[in-house]
Amino acid sequence: MAENMIIASNFIQNAIDEDLKNGKYSEGIHTRFPPEPNGYLHIGHAKSICLNFGLAKKNNGMCNLRFDDTNPTKEDVEYVDSIQDDVKWLGFTWDDRMFYASNYFDKLFECAMELIKAGKAYVCDLNAEQMRQYRGTLTEPGQDSPYRSRSIEENLDLFMRMQKGEFADGERVLRAKIDMAAPNINLRDPILYRISHTAHHRTGTTWCIYPMYDFAHPISDAVEGITHSICTLEFEDHRPLYDWLLESLGYDVAKRPRQIEFARLNITDTVMSKRKLRQLVEGGYVTGWDDPRMPTISGLRRRGYTPEAIRDFCDRIGVAKSNSLVDVAMLEHCVREDLNERADRIMAVLQPLKVVITNYPADECEYMMAENHPHKGGHRFVPFTREIYIEQEDFMEEAPKKFFRLKPGGEVRLKHAFIIKCEEVIKDTAGQIVELHCTYDVDTKSGSANSGRKVKGTLHWVSAKFAVPAEVHLYDYLLKTEENSVESTNFIDELNPNSLEIINTCMIEPSVAWTAPGTRYQFLRQGYFCVDKDSTKEHLVFNRIVGLRDSWAKAKKV
RNA sequence: UGGGGUAUCGCCAAGUUGGUAAGGCACGGGAUUCUGAAUCCCGCAUUCGUUGGUUCGAGUCCAGCUACCCCAGCCA
């Protein structure tokens, strides 16, 4: 499945095919994934990563990892480390091609000088407020800056002095000289360089002027020999500027990078913008960037998602230009499909209900052979004793006809063990069911000659004597958007108050008492779970990755 | 009232030079089952935002509408 890295036909691949057919980029295609190190990667970035690395792979090209670190006020090394971890974990490699836009600061400075000399850039003294006024509006053209006609010599002098640190932050900027009346606002003499006396995470205090994204990006792409510069839709309006810069700097049309935009990913019931994710972290609504409820790569990883499932998801959702909102069920389907194949099965009871098997000897214990996977072989032995626990919801005193679990006088099979019959319901003085008295049928032991007798239901269970206690975290969506809910202006108001449910009553079969963090299991009949990174032998903690599909739950609702 | 985009099944999404609507998810039905899981069948757009036009024939070409998204950071 995901291993095949099949990228379904999409408009970007079609464009590449076309370019190749026309003899462009004879040296092969080259893409890049250019995150800004100012936050953690999320599944929307995974879409871009899979796209860029996938396109390179499919076309026998290469994909670079490039940190777009042109704004020292927002960026930090903490993020460059996590980003590398995440891309690697997703299964991609950039070999020795990891770059930083900041590597090109010298080159960028030279390009700026070149533009000035060509009369295509000038130093402007307008302050931010004035510049906004001169820019015009969406419907009205802007006006030329009074500094627009400075001589090349003066511009050169001023720009060098900007670089030397002679001016304060915001005092002057370098602007491209394009057209203040352009209907596309990005062409109204966009800023190329700003002054910021801020230390950069890589270049330290070497620079006090930093290039803007619009200036640094096309040049970085060209320097690295990128052929297809893939970005999201909001940069569509910037493409004319991207092209203008490369053209003005004399890059060969036949070889220069081409920007192509695609729609970013949105998923139902969650948030995806860095801003909102940061708000969740800083506001304490989640425990951190890697909270298992977060759609961040690190959150999904801790939750127990596999890189294969995420890649498969990215392949399935496709790539297009229409704004889309992908049903989270698609993501869940991808993990289930992957985990169904690879996760071993074990039995764990979340909400225990004690069952005493009255005709089973009190001091006896037999080890039942249990398959680890329905078709992958492997088995273990699970202790069976007189007292066991079953799931509370697997018993109903007054059950509907369609309920084929345990009920008074009814029979069920205990997975890997015997068929038992419910003889008596024991309640406390308050009328609460405290335990069940059952009898077992010796002839029905799983695997034995007479085990063929059929009963409607099969339950998971654990031995009361040998089961190990564990903490289980059940996750729900970050946003619980009721059907047709009114859009709130503040997404915090839409947060699902029950996105995390901690269960401390869980009892697990003893075979998993020593598992390492990160190990995934299917808890029979319940879902896929992953040993949390903070889990210890003394205190086991499991995260529910995703529940099993549950047609009974659906039937009940009707 | 500026510019740039997008509109194909509940959700994604294919639809080469016009030839008579892929696939996945979800959903419904059935078979099977010592996981109400998985698996396996079967069903699920006479219709492509809308209105006209061209054509023997249009989702694909033309024109006009409409809806939604993005842009006025010295952010990316």
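The side chain of A/F235 lies closest to B/rA76, out of B/rU6, B/rG3, B/rA76. Taking every side-chain heavy atom of A/P374 into account, B/rA37 is the closest of B/rG36, B/rA37, B/rC25. In this structure, of B/rC12, B/rA37, B/rU35, it is B/rA37 that holds the atom nearest to the side chain of A/R549. Out of B/rA76, B/rG36, B/rC25, the shortest distance to the side chain of A/F403 is found at B/rG36.
Between A/E371 and A/K74, the residue anchored nearer the 5' end of RNA chain B, judged by the nucleotide with its closest heavy atom, is A/E371. Comparing A/R413 and A/L233 along RNA chain B, the residue whose closest nucleotide (by nearest heavy atom) sits nearer the 5' end is A/L233.
Using a cut-off of 4.0 Å between Lys/Arg side-chain N and Asp/Glu carboxylate O, A/R405 and A/E393 are scored as salt-bridged. A/E140 has no carboxylate O lying under 4.0 Å from a charged side-chain N of A/R135, or vice versa, which leaves the two without a salt bridge.
Within the 4.0 angstrom heavy-atom criterion, only backbone atoms of the sugar-phosphate kind lie near A/I317; the bases stay farther away.
In this model, a side-chain donor or acceptor of A/R405 finds a partner on the base of B/rG36 within 3.5 Å. Within 3.5 Å, no donor on the side chain of A/D550 pairs with an acceptor on the base of B/rG36, nor the reverse.
Across every strand in view, B/rC48 sits unpaired, with no contact that passes the Watson-Crick or G-U test at under 3.5 angstrom. Pair assignment for B/rC25 gives B/rG10, based on Watson-Crick or G-U wobble hydrogen-bonding distances that are each under 3.5 Å. Searching all strands for a Watson-Crick or G-U wobble partner of B/rG73 with both distances below 3.5 Å returns nothing. Checking B/rC61 for Watson-Crick or G-U wobble geometry (two distances, each under 3.5 Å) identifies B/rG53 as its partner.
Nucleotides B/rC27 and B/rC68, compared at atom C1', are 27 Å apart to the nearest Å. Separation of the P atoms belonging to B/rU33 and B/rU16 is 46 Å when rounded to the nearest angstrom.
The ring of A/Y213 does not lie on top of the base of B/rA76; it is either too far (5.5 Å or more) or too tilted (30° or more).
With its glycosidic angle within 90° of 0, B/rG73 adopts the syn conformation.
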